[in-house]
Amino acid sequence: MKIVAIANQKGGVGKTTTAINLAAALAARKKNVLLIDIDPQANATSGLGIEAPENISLYPALLGMKPLEDCIVETGRPRLSIIPANMDLAGAEIELARSGNHLARLRETLQPIRDNDQFDFCILDTPPSLGVLMTSSLAACDEVLTPLQCEWFGLEGLAKISHVISQICLAGVNPALRLEGILMTMFNARTNLSRQVVDQVKEFFPKELYPVMIPRSIRLGEAPSFGKTIFEHDPSGFAAKAYMSMAKLFIKRHKAVQ
């Protein structure tokens with residue numbers, strides 16, 4: 001099983017949208033996927049139309065109060081499960097910060113599902129910050145996928161997340177951690193700005209950059225309000241086709257490194 005963190009400390013870049021739709025696309029491609037919502041705002045949970053039962057989230061598992069397997073909820077979609085989030089995770093961030101091994105806690109918590117081979121991929125939807133939950137996710141995952149909006153400020157965010165990944169590696173917390181890919185979001189082919197930002201990323205990260213661009217789309221933005229993936233809300237739209245193409249490339253990349 002590969003654990004993949006969808007991470008960018010900047011908000012509004014399509015991080016949760018990517019986590020939901022990549023997970024759904026992988027499941028549609030016959031992969032068993034676990035999506036873990038690690039953001040106290042619980043947008044990935046609500047975006048799939050899930051109402052988490054009381055005391056079912058990553059929080060009790062992180063604190064050793066409940067086995068991780070007991071926190072897994074079925075989404076109603078074949079091969080796609082979720083560990084939902086709620087506001088309790090905000091408290092978990094505080095409690096983890098007080099512990100001496102907070103960077104290792106999430107990795108230890110995820111070990112049982114890594115060992116049992118139930119899932120092919122575990123997708124972590126991380127908070128838009130550089131707090132304890134984000135850094136714990138980077139310490140626990142095998143690789144990072146960074147959604148990047150096609151704006152100049154996005155390049156600054158990419159530099160920061162790359163720096164944090166390097167720090168995690170150098171500190172020995174997760175020395176094998178790597179930036180698996182960069183996915184350009186909110187792409188508008190009619191503007192010079194989008195093309196220029198893509199060209200800049202391609203210059204410095206040619207191997208990591210996915211050649212698929214996720215378009216700016218009203219339908220993509222409104223899908224979570226219905227608790228649906230883009231494949232359920234607008235299956236024939238450009239955004240659905242883009243995410244499915246990206247998932248195919250994602251699987252192909254992972255076959256190449258196995």
Under 3.5 Å donor-acceptor, [X] side chain and [Y] backbone:
X: R195; Y: A189; result: yes
X: T146; Y: A7; result: yes
X: K66; Y: N55; result: yes
X: S194; Y: N188; result: yes

Practice item. Could you walk me through whether L124 and I3 pass the side chain to side chain contact (heavy atoms under 4.5 Å, CB included) test, one step at a time? Key: CA-CA 7 Å; L124 310 180; I3 300 177; 3.8 Å; yes
State which residues pass side-chain contact (heavy atoms from CB on, under 4.5 Å) with [X]; sequence neighbours excluded, sorted by chain then number.
X: R107; answer: A104, A139, A140, V173
X: A90; answer: P40, M87
X: L63; answer: Y59, M65, E95, R105
X: A239; answer: P215, S217, L220, I230

Pairing residues for [X] by the side chain to side chain donor-acceptor pair (under 3.5 Å) criterion, not counting sequence neighbours:
X: E108; result: none
X: S46; result: none
X: Q196; result: none
X: E74; result: S81

Grouping I, L, V, M, F, W and Y whenever their side-chain heavy atoms are under 4.5 Å apart, do [X] and [Y] come out in a common cluster?
X: M184; Y: V144; answer: yes
X: L158; Y: M134; answer: yes
X: V13; Y: L133; answer: no
X: L145; Y: M186; answer: no

Practice item. Only pairs at least two apart or in different chains count here, so list each ring-ring contact (aromatic ring centres under 6.0 Å, His included) that has a residue in residues 224-245. Key: F226-H233
For the student: nearest non-hydrogen atoms of [X] and [Y], plus distance:
X: A24; Y: L80; result: CA-CD2, 4.1 Å
X: L103; Y: S136; result: CD2-N, 4.0 Å
X: P78; Y: A27; result: O-CB, 3.6 Å
X: L68; Y: A61; result: CD1-CB, 3.8 Å
X: A5; Y: C141; result: CB-SG, 3.8 Å

Practice item. Can you tell me which residue pairs pass the side chain to side chain donor-acceptor pair (under 3.5 Å) test with a partner in residues 117-133, sequence neighbours excluded? Key: K15-D125, T16-D125
Review point. Any side chain to side chain donor-acceptor pair (under 3.5 Å) pairs touching residues 24-37, not counting sequence neighbours?
Key: D37-T45
Spacing of [atom1] belonging to [X] relative to [atom2] belonging to [Y], to within rounding of 0.5 Å:
X: L35; Y: I82; atom1: CG; atom2: CD1; value: 4.5 Å
X: Q149; Y: L183; atom1: CD; atom2: CG; value: 11.5 Å
X: M213; Y: M246; atom1: CE; atom2: CE; value: 11.5 Å
X: L62; Y: D88; atom1: CG; atom2: CG; value: 11.5 Å
X: L34; Y: C122; atom1: CG; atom2: SG; value: 4.5 Å
X: T17; Y: I214; atom1: OG1; atom2: CD1; value: 10.0 Å

Revision key, fill the gap. side-chain contact (heavy atoms from CB on, under 4.5 Å) with E143: of L179, I165, V4, L138, only one passes, and it is V4
Study note, to complete from the structure: Checking T75, L48, D234 against T229 for side-chain contact (heavy atoms from CB on, under 4.5 Å), the one that qualifies is L48
I'd like to check [X] versus [Y] (side-chain heavy atoms, cut-off strictly below 4.5 Å). Are they in contact?
X: H254; Y: L26; answer: no
X: L58; Y: C71; answer: no
X: L22; Y: I6; answer: yes

Review point. Side chain to side chain contact (heavy atoms under 4.5 Å, CB included) between I72 and F119: does it pass, once the steps are laid out?
Key: CA-CA 12 Å; I72 298 174; F119 299 101; 4.1 Å; yes
**Study point:** Chi angles and distances behind the side chain to side chain contact (heavy atoms under 4.5 Å, CB included) call for Q111, D115
**Key:** CA-CA 6 Å; Q111 194 61 44; D115 292 338; 2.8 Å; yes
Review point. Could you walk me through whether I20 and N43 pass the side chain to side chain contact (heavy atoms under 4.5 Å, CB included) check?
Key: CA-CA 10 Å; I20 289 173; N43 289 332; over 6 Å; no
Name the atoms and distances for all side-chain donor-acceptor pairs under 3.5 Å in residues 198-212, with sequence neighbours left out.
residue : atom : partner : partner atom : Å
Y210    : OH   : E180    : OE1          : 3.1
Y210    : OH   : E180    : OE2          : 2.9

